[in-house]
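Right, one structure below, let's go through it.
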Amino acid sequence: QYSVSMRCSRPDLTTQTLHLHALTSGGINARVVIRRQEFLIPLGVILRALVPSDLSDAELFDMLIGPRQHDDHLMQRATAVLIDAANIRDRHFESAKTAKGKASSVQVETLAFLGKRF
């Protein structure tokens, strides 16, 4: 229903536009263009690919909220973003499928998940 767009420019004047879409579920998807195709990627997946693996969901939540602990809307959105990422992790990542096996880091698995698709 809602979207925010940001257009970034490099020194050689090439540009890239990033769109963030707010979903009715409360989550947020990033719409990116890769090789002239548009893809919607849950923001939680992108965050998990960028932050260190030893960062827990609670610590990531605190980073997203920052000093705005009393903003209910922001807290609901941050929770939905992390739930979306956890749902994808449960469905697709190896460590979620094999509890006995050697669990690799969340960041490595997230990067592998994105790498398979792009």
To the nearest 0.5 Å, atom CG of L47 lies from atom CG of L82 at 7.5 Å

In the single-linkage hydrophobic clustering (I, L, V, M, F, W, Y; side-chain heavy atoms under 4.5 Å), do V4 and L43 co-cluster? no

Can you tell me how far apart CG (L23) and CG (D84) are? Round to the nearest 0.5 Å. 7.0 Å

Side-chain donor/acceptor of Q37 to backbone N/O of I34, under 3.5 Å: no

Check against side chain to side chain contact (heavy atoms under 4.5 Å, CB included), L60 and V51: CA-CA 8 Å; L60 184 56; V51 299; 4.1 Å; yes

Quick check: closest heavy atoms across N29 and P42, and the distance to 0.1 Å? OD1-CA, 3.3 Å

Run the salt-bridge test on R48 and D57 with the 4.0 Å N-O cut-off and return the result as yes or no. yes

Might you point out which heavy atoms bring A22 and R77 nearest each other, and give the distance in Å? CB-NH1, 3.7 Å

Roughly how far, to the nearest 0.5 Å, is the OG atom of S5 from the CG atom of L18? 8.0 Å

Within the distance-only criterion (no hydrogens, no angle test), does the side chain of R31 pair as donor or acceptor with the backbone N or O of L40 below 3.5 angstrom? no

In a table with atom names and distances, give each donor-acceptor pair under 3.5 Å that connects a side chain of residues 61-69 to protein atoms at least two apart or in another chain.
{"from": "R68", "atom 1": "NE", "to": "D71", "atom 2": "OD2", "distance (Å)": "3.4"}
{"from": "R68", "atom 1": "NH2", "to": "D71", "atom 2": "OD2", "distance (Å)": "2.3"}
{"from": "Q69", "atom 1": "NE2", "to": "G66", "atom 2": "O", "distance (Å)": "3.1"}

Per the ring-ring contact (aromatic ring centres under 6.0 Å, His included) rule, what does the pair list look like for residues 18-43, sequence neighbours excluded? F39-F118

G27 to A80 - nearest heavy-atom pair and separation: N-CB, 3.5 Å

Where L111 and A49 come nearest, the two heavy atoms and their spacing: CD2-CB, 3.7 Å

Taking T79 for the side chain and M75 for the main chain, is one N or O donor matched with an acceptor at less than 3.5 Å? yes

When rounded to the nearest 0.5 angstrom, what distance separates CD1 in I28 from CG in L20? 6.5 Å

Taking the side chain as C-beta and beyond, is there a heavy-atom pair between T17 and V33 under 4.5 Å? no

